[in-house]
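Here is the structure we will look at.
Just so it is clear, the model here is predicted, and its values are computed rather than measured. Count residues from 1 along the sequence.
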Amino acid sequence: MAMDDLSDVASTTVNVRVQRNFGIDPSDPLYLHPPDNPDAILVSTPFSGVGYRSWRCSLLQGLSVKNKLGFINGECKRPDLHSPTFRQWDRCDDMVTSWILNSLSKNIADSVEYVNDAVELWIELED
């Protein structure tokens, strides 16, 4: 076996091991990093009704870093209820929803906290 072949086998073995240990490839939008939690703050100043464009830009950057933009732009769609990925998608969507709600002032968060998912919350805020 050539040295390049050994390198490919080692790389494949590491990737499979990572997926087995975490269940989901870390580059997948459904992956949640161990330190991710609902109380994480993605923006320095909560949106209070003033400075929407700046807040929006900061939040989009924070979600991009966490590979979760698909939850607000519709790219990461809700799977069928019986899909094996439904529970993980639901957990991630709840996490994104929490991050967005935590980036809003209490008054604004209270007015949108009963939305069904992150994309609906985002649409509500865009309106």
Euclidean distance, L104 CG relative to L125 CG, rounded to 0.5 Å
5.5 Å

Mind checking what makes ring-ring contact (aromatic ring centres under 6.0 Å, His included) contact with H33, not counting sequence neighbours?
Y31

Quickly, which of V112, L59, V43, V115 forms a side-chain contact (heavy atoms from CB on, under 4.5 Å) with I100? Name it, please.
L59

Salt bridge (charged side-chain N to carboxylate O under 4.0 Å, His left out): which pairs involve residues 86-99, sequence neighbours left out?
none

Can you name the residues that form a salt bridge (Lys or Arg N to Asp or Glu O under 4.0 Å) with R56, not counting sequence neighbours?
E126

Report yes if the side chains of L63 and L42 come closer than 4.5 Å at any heavy-atom pair, otherwise no.
yes

Which pairs count as ring-ring contact (aromatic ring centres under 6.0 Å, His included) when at least one residue sits in residues 86-112, sequence neighbours excluded?
F71-W89

Distance-minimising heavy-atom pair for N102 and P38
ND2-O, 2.5 Å

Pairs in or reaching into residues 37-48: which pass side-chain hydrogen bond (donor to acceptor under 3.5 Å, both in side chains), with residues at least two apart or in two chains?
none

Partners meeting salt bridge (Lys or Arg N to Asp or Glu O under 4.0 Å) with D36 (sequence neighbours left out)
K66

Pairwise distance CG(N116) to CD(E124) - rounded to 0.5 angstrom:
11.0 Å

Sequence neighbours left out, what passes side chain to side chain donor-acceptor pair (under 3.5 Å) with S54? Give chain and number order.
none

To the closest 0.5 Å, what do you measure between SG (C92) and CG (L32)?
3.5 Å

Apart from V65 itself, residues in the same hydrophobic cluster as defined by side-chain heavy atoms under 4.5 Å
none

Pairs meeting criterion salt bridge (charged side-chain N to carboxylate O under 4.0 Å, His left out) with involvement of residues 103-118, two or more places apart:
R78-D117, K106-D110

Partners meeting side chain to side chain donor-acceptor pair (under 3.5 Å) with S27 (sequence neighbours left out):
D25

Do the side chains of V119 and N73 get nearer than 4.5 Å, heavy atoms only?
no

In chain order, what residues pass the side chain to side chain donor-acceptor pair (under 3.5 Å) check against Q61, with sequence neighbours excluded?
none

Which residues pass the ring-ring contact (aromatic ring centres under 6.0 Å, His included) test with Y52, not counting sequence neighbours?
F47, W55

Side chains of P29 and C76: closer than 4.5 Å at any heavy-atom pair?
yes

